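A short write-up of the structure that comes next.
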Number of protein chains: 2
Amino acid sequence: MPRGERPTLTERRAEELRAAIARTAMEIFVADGDTSAKVERIAEAAGVSPRTFHRHFPVKEDVVRPLFRATSEAVAAALRDVPDTTDPVEALVVAWTAAMPGGRLSEFDRRFLTLMVTTSEYRLRWQEADQELCEVIAGYLDRRLPAGGHPLHRTLPAYLVVHATRHVFEHWITSGSEEDLAGLLRDALRMVLAGAAVR
Amino acid sequence: MPRGERPTLTERRAEELRAAIARTAMEIFVADGDTSAKVERIAEAAGVSPRTFHRHFPVKEDVVRPLFRATSEAVAAALRDVPDTTDPVEALVVAWTAAMPGGRLSEFDRRFLTLMVTTSEYRLRWQEADQELCEVIAGYLDRRLPAGGHPLHRTLPAYLVVHATRHVFEHWITSGSEEDLAGLLRDALRMVLAGAAVR
DNA sequence: GCCGACATGGCAGAAACTGACATGTGTGAG
DNA sequence: CTCACACATGTCAGTTTCTGCCATGTCGGC
């Protein structure tokens with residue numbers, strides 16, 4: 001049994017299955033206009049039994065996690081690709097808008113994200129994905145910002161950056177996604193990092 | 001039927017019952033060292049039927065809401081009492097530490113809050129209570145800070161203040177509650193509001 | 001003392017989960 | 001090539017959470 005690679009072949013398959021089920025759930029949610037679809041229905045549409053669904057997603061709402069994890073990873077990857085000579089605020093703006101071609105969302109995605117923002121159980125899952133992003137941002141800011149003494153001075157700016165982004169994004173989503181997202185992000189991040197730089 | 005007062009007599013009673021059930025749940029959680037107690041047990045200990053429990057708390061985890069709402073209201077009240085001549089950062093520090101005598105938590109409260117921080121379902125309820133605080137903070141900051149043009153410039157600082165406080169508080173709780181909470185809060189709030197004042 | 005609003009309780013049932021066991025499929029050793 | 005084992009899935013029964021419905025009781029006003 002090969003144990004060399006980090007992601008086992010089995011795990012890779014499980015991950016793909018989870019992603020497929022998540023995608024199915026997303027389509028059902030958007031089609032319904034709400035998130036009340038029963039597990040039985042989602043599982044059937046994805047071609048698995050309810051038992052298998054629950055094996056991969058102990059709590060029903062976990063089903064959207066793969067979607068958020070994917071975008072989190074996209075942001076992290078985009079941030080890695082930005083040269084260190086770029087202004088930190090710009091780098092972060094670029095990273096967060098990289099996943100959206102032209103700063104535009106498809107109507108499908110917009111409806112889905114609106115559901116996620118307006119349903120507290122699902123919003124929590126989004127926030128948990130953001131949590132993982134915090135680590136990435138913290139690592140980036142570590143390189144680009146003067147270091148503080150207390151451990152909080154390392155994690156707090158990253159935490160604030162992520163939450164500021166959330167706030168901006170939620171505002172942008174719920175207000176119709178017509179405003180200039182990059183501009184809003186820039187303003188917000190400048191506000192946050194202005195305080196961090198003072199340290 | 002008197003409809004003059006805002007909180008109906010009936011509603012007031014319901015609120016008291018909810019608070020009592022919440023308190024009971026808290027005691028059971030702390031005694032058990034985890035939050036897995038069944039609804040049946042909490043309801044019985046509180047002297048109500050499971051049916052009544054669910055009438056007041058549609059989702060089991062909602063049971064802790066009254067506890068967080070109470071402290072949120074305490075913070076809001078403390079902030080109202082601070083004279084407007086006080087430095088905003090100090091005012092917020094005072095407001096948040098007002099509920100804790102000498103910045104100390106009882107061992108009972110510490111154990112409970114540790115459970116709340118480490119259990120995502122319950123953490124969500126805490127965050128929702130914080131959400132209401134955002135409004136209060138936004139109102140306060142409106143009076144004390146220069147106003148920005150975009151609506152985000154009004155809500156974002158409040159949002160960040162609340163989240164920064166959360167982050168500090170969670171760090172403080174999980175690291176043993178031995179550090180100087182007021183000092184940590186002061187540093188964090190200074191960082192946040194430094195950026196806000198720039199606007 | 002009567003009436004009506006309202007909260008509670010009990011019961012049946014839906015939906016979300018979980019443990020145990022059996023089946024199928026693929027992969028590596030011999 | 002075949003056997004054996006690991007592992008994911010499905011089925012089934014059972015627990016827990018949550019909901020609709022109706023009967024009962026209690027409290028406040030007439």
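No experiment lies behind these values; they were computed from the predicted model shown. Residue numbers start from 1 in every chain, and the chains themselves are labelled A, B, ... in the order their sequence lines are given, proteins ahead of strands.
Phosphate contact (OP1/OP2 of D:dG10, side-chain N/O of A:Thr52, threshold under 4.0 Å): present. For D:dG28, the OP1/OP2 oxygens have a side-chain nitrogen or oxygen of B:Arg13 closer than 4.0 Å. Between A:His56 and the phosphate of D:dA8, there is no side-chain N or O to OP1/OP2 separation shorter than 4.0 Å.
Of the candidate nucleotides D:dT17, C:dT18, C:dG9, C:dT18 has the atom lying nearest to any side-chain atom of A:Arg51. For B:Ser49, taking side-chain heavy atoms from C-beta onward, the closest of the listed nucleotides C:dG10, C:dC6, C:dC17 is C:dG10. Considering only side-chain atoms of B:Lys60, the nucleotide from D:dC18, C:dC17, C:dG9 that sits closest is D:dC18.
Atom CD in A:Glu40 sits about 14 Å away from atom C1' in C:dC17, given to the nearest Å. Rounded to an integer number of Å, the gap from CD of B:Glu61 to C1' of D:dC18 is 12 Å. For the pair A:Leu17 CG and D:dC7 C1', the computed distance is 14 Å after rounding to whole Å. Straight-line distance from the CD atom of B:Glu44 to the P atom of C:dG10: 11 Å, rounded to whole Å. At whole-Å resolution of the value, NZ in A:Lys38 and C1' in C:dC17 are 16 Å apart. In this entry the distance linking NE2 of A:His54 with P of C:dA20 reads 18 Å, nearest Å. Rounded to an integer number of Å, the gap from B:Ile21 CD1 to C:dG9 C1' is 13 Å. In this structure, B:Arg41 places its CZ atom 12 Å from P of D:dT17, rounding to the nearest Å.
A:Leu115 and B:Leu124 sit in two unconnected hydrophobic clusters of ILVMFWY residues. Membership requires side-chain heavy atoms under 4.5 Å apart, directly or through other members.
For C:dG19, the base has no donor-acceptor partner in the side chain of A:Arg55 [N/O atoms by modelled type, under 3.5 angstrom].
Residues B:Glu128 and B:Phe68 are not in side-chain contact: their nearest non-hydrogen atoms beyond the backbone lie 4.5 Å or more apart.
Residue contacts for B:Pro50: at a heavy-atom cut-off of 4.0 Å it reaches no nucleic acid atom on any strand shown.
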Test log, rule salt bridge (charged side-chain N to carboxylate O under 4.0 Å, His left out), inputs B:Arg111 and B:Glu107
CA-CA 6 Å; B:Arg111 288 191 196 187; B:Glu107 185 58 21; 3.4 Å; yes
Determine, step by step, whether B:Thr174 and B:Glu170 satisfy the side chain to side chain donor-acceptor pair (under 3.5 Å) criterion, reporting the C-alpha distance in whole Å, the side-chain angles of both residues, the deciding distance to 0.1 Å, and the verdict.
CA-CA 6 Å; B:Thr174 56; B:Glu170 286 190 10; over 6 Å; no
I'd like to know whether B:Arg41 forms a salt bridge (charged side-chain N to carboxylate O under 4.0 Å, His left out) with B:Asp32, so could you lay out the CA-CA distance, the side-chain angles of the two residues, the decisive distance to 0.1 Å, and finally the verdict.
CA-CA 12 Å; B:Arg41 187 156 144 241; B:Asp32 288 0; 3.0 Å; yes
